[in-house]
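Notes follow once the structure below has been shown.
All values derive from a computational prediction rather than experimental measurement. So that the names make sense, note that chain A is the first sequence line, chain B the second, and so on, each numbered from 1.
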Protein chains: 2
Amino acid sequence: MKNRMTIGRLAETAGVGVETVRFYQRAGLLAEPKRPVSGYREYGEADTRRIHFIKRAQTLGFSLEDIAGLLQLDGPHSCSVAHDLALEKLHIVEDKIRSLESIRDALWQMVRQCELKHRRGTCPIIQSLAHRDSSVSR
Amino acid sequence: MKNRMTIGRLAETAGVGVETVRFYQRAGLLAEPKRPVSGYREYGEADTRRIHFIKRAQTLGFSLEDIAGLLQLDGPHSCSVAHDLALEKLHIVEDKIRSLESIRDALWQMVRQCELKHRRGTCPIIQSLAHRDSSVSR
DNA sequence: GTAATCTCCGTACATAGGTACGGAGTCAAG
DNA sequence: CTTGACTCCGTACCTATGTACGGAGATTAC
C-alpha cells in the first residue's frame, strides 16, 4: 500500500490550503513531487511531516527563508547552525518584547491620565501626541 | 513672512520622504494643500506638526487608520473615544507580549537543550520541530 | 539663456505569506 | 457517456505602509 496522495489530500492531512502547498513548492520548501501520466502531483507521508515542520517553526517566529535553511541541515555542523539561528531568533524576540513593553507603558500612562483628567475638556492622549514635550515622554 | 514650504521642505522638516507626504495626502491623513499658479503644493507649520502627530502615534502601535480617526477627534466625546482606542491598543500589545514570551521560552529551551546535548550527533532543535511529541512542547 | 533641481501625476513596485481566478485537462462515480 | 469534483498553471490579488519611476512642467541659481 503506497499511501500516495494528490495535493488536496495532502493539504487536508497537513492542515493547510492547496494553494499553500503549491506556494511552498514554488518557494523551494517542498520538493517537486513525482507525477504519473495524469500530471497530478503525488505525495507521501514525508511531505505531511515536512509541512508540519514548517508550521511548527513558523509558530516560533522563523521566516520561510529561515525554515528553508533549517530543512537543509544535515551533517556534523547542523546543530550548531540551528543553535545559532535559534539564538538569533531568541534575541530578536527579546528585543521585540522590550519594545512592546515600552509601548505598553506609554499607552498605560496615557489611559490613566485620560481617566484622571478627562473632565477638563482637553484630552491628554491627543495632547501628548500633538506635542513633543509631553508628560508622557520617558 | 508666510513660512510656506513646498513638499520637499515639508518632508525634510518633518523627517519623512516626499513620497510619504503625497501618500499621506492620498490616504486622507493630510489635507489637500493650497496651490499657487505653479501647481506646487504649499504647506505651513501646522502640516509639520500633523506629520509629527502621525509618527508619534505610529510608534505607539496605532495604524494609519487608527490615526486618521484620532486626527478627526474634536468635540466633547473626543477623550472617551481616544481613551477606548488606547485601551484597545493596550490590550493588543499585552496579548502580543504574552505570545512573544511563550515563543521566547520555547526558543530558550531549545537553545539550552542544544547546548547540553549537541554532542550526540542529533540536533534537539531539528528533532523538536520534526516531531509532534517533543520534549519542548509545553 | 542654460543647466540643475524641484515638482507634478499616474502607475508600478517592494515586503512576507499567502489566496483567488479562469480556462483547460483528468478522474471517479452513477 | 455525463456530471461533478479535482487538478494543472500562469497570473493576479490581498494586507499596510510606504517607495520608485518616467515624462513633462516649473523654479532657481549662475
Side-chain angles (χ1 to χ4, degrees), chain A residues 2 4-44 47 50-71 85 89 92-93 96, chain B residues 2 4-43 47 50-71 85 89 92-93 96 103:
Chain A
K2 275 295 189 182
R4 308 310 293 178
M5 300 180 275
T6 53
I7 195 169
R9 284 298 318 283
L10 173 66
E12 184 188 347
T13 304
V16 298
V18 169
E19 299 290 347
T20 304
V21 177
R22 292 201 189 100
F23 172 68
Y24 284 169
Q25 185 187 313
R26 291 199 302 275
L29 292 163
L30 291 179
E32 171 79 39
K34 182 177 4 176
R35 303 207 193 198
V37 193
S38 61
Y40 287 16
R41 296 169 173 80
E42 200 170 87
Y43 294 102
D47 299 296
R50 194 169 173 94
I51 292 173
H52 284 151
F53 181 105
I54 292 166
K55 288 300 182 183
R56 282 195 206 97
Q58 270 186 321
T59 64
L60 292 181
F62 293 101
S63 66
L64 291 186
E65 191 181 12
D66 295 331
I67 292 164
L70 289 174
L71 284 168
L85 185 58
K89 290 298 153 192
I92 289 171
V93 168
K96 185 66 184 176
Chain B
K2 273 297 187 180
R4 307 310 292 177
M5 298 179 277
T6 54
I7 195 169
R9 285 295 321 280
L10 173 66
E12 184 186 347
T13 305
V16 298
V18 168
E19 300 289 347
T20 304
V21 177
R22 292 200 190 100
F23 172 68
Y24 284 170
Q25 185 187 314
R26 290 199 302 276
L29 292 162
L30 291 178
E32 171 78 41
K34 180 176 8 175
R35 303 204 191 203
V37 193
S38 61
Y40 287 14
R41 296 168 173 84
E42 200 168 87
Y43 295 102
D47 299 296
R50 194 169 174 95
I51 292 173
H52 284 152
F53 181 106
I54 292 166
K55 288 302 181 181
R56 279 193 208 100
Q58 271 186 321
T59 64
L60 292 182
F62 293 100
S63 66
L64 291 186
E65 190 181 14
D66 293 332
I67 294 165
L70 288 175
L71 286 168
L85 185 59
K89 289 298 153 191
I92 288 171
V93 167
K96 185 66 185 175
I103 290 172

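Every pair passing side-chain hydrogen bond (donor to acceptor under 3.5 Å, both in side chains) that includes a residue from residues 29-41 of chain A is listed here, sequence neighbours excluded: A:Gln25-A:Glu32, A:Gln25-A:Arg41, A:Glu32-A:Arg35.
Dashed line: the shortest gap from a side-chain N or O of B:Tyr24 to OP1 or OP2 of D:dG18 is under 4.0 Å. Within the structure, every side-chain polar atom (N or O) of A:Gln58 is placed at least 4.0 Å from both OP1 and OP2 of C:dA16. Listed pair B:Lys55 / D:dG18 meets the phosphate criterion, a side-chain N or O lying under 4.0 Å from OP1 or OP2.
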Give each protein N/O atom lying under 3.5 Å from an N/O atom of nucleotides 6-10 of chain C, with the pair distance.
residue, atom, partner, partner atom, Å
C:dC6, O2, B:Tyr40, OH, 3.2
C:dT7, OP1, B:Thr6, OG1, 2.8
C:dT7, OP1, B:Gly8, N, 2.8
C:dC8, OP1, B:Arg41, N, 2.7
C:dC8, OP1, B:Arg41, NH1, 3.0
C:dC8, OP2, B:Arg22, NH2, 3.2
C:dC8, OP2, B:Arg41, NH1, 3.2
C:dC8, O5', B:Arg41, NH1, 3.3
C:dC8, O3', B:Arg35, NH1, 3.3
C:dC9, OP1, B:Arg35, NH1, 3.2
C:dC9, OP1, B:Arg35, NH2, 3.3
C:dC9, OP2, B:Arg35, NH2, 3.4
C:dC9, OP2, B:Arg41, NH1, 3.1
C:dC9, OP2, B:Arg41, NH2, 2.9

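In terms of position along DNA chain D, the nucleotide closest to B:Leu64 lies nearer the 5' end than the nucleotide closest to the other residue of the pair B:Val37 and B:Leu64.
Put simply, NZ on A:Lys55 and OH on A:Tyr24 are 3.0 Å apart, with the number rounded to the nearest 0.5 Å. Rounding to the nearest 0.5 angstrom, the gap separating the CG atom in A:Leu85 from the CZ atom in A:Phe62 is 5.0 Å.
Between the CD atom of A:Glu65 and the C1' atom of C:dT15 there is a distance of 12 Å, given to the nearest Å. A straight line from CZ of A:Phe23 to P of C:dA20 spans 14 Å, rounded to a whole angstrom.
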Any chance you could lay out the side chain to side chain contact (heavy atoms under 4.5 Å, CB included) test for B:Tyr43 and B:Thr13, step after step, and finish with the verdict?
CA-CA 11 Å; B:Tyr43 295 102; B:Thr13 305; over 6 Å; no
Pair A:Phe23-A:Leu64, side chain to side chain contact (heavy atoms under 4.5 Å, CB included): steps then yes or no:
CA-CA 11 Å; A:Phe23 172 68; A:Leu64 291 186; 3.7 Å; yes
Can you check side chain to side chain contact (heavy atoms under 4.5 Å, CB included) on A:Ile54 and A:Leu71, steps first, answer last?
CA-CA 8 Å; A:Ile54 292 166; A:Leu71 284 168; 4.0 Å; yes
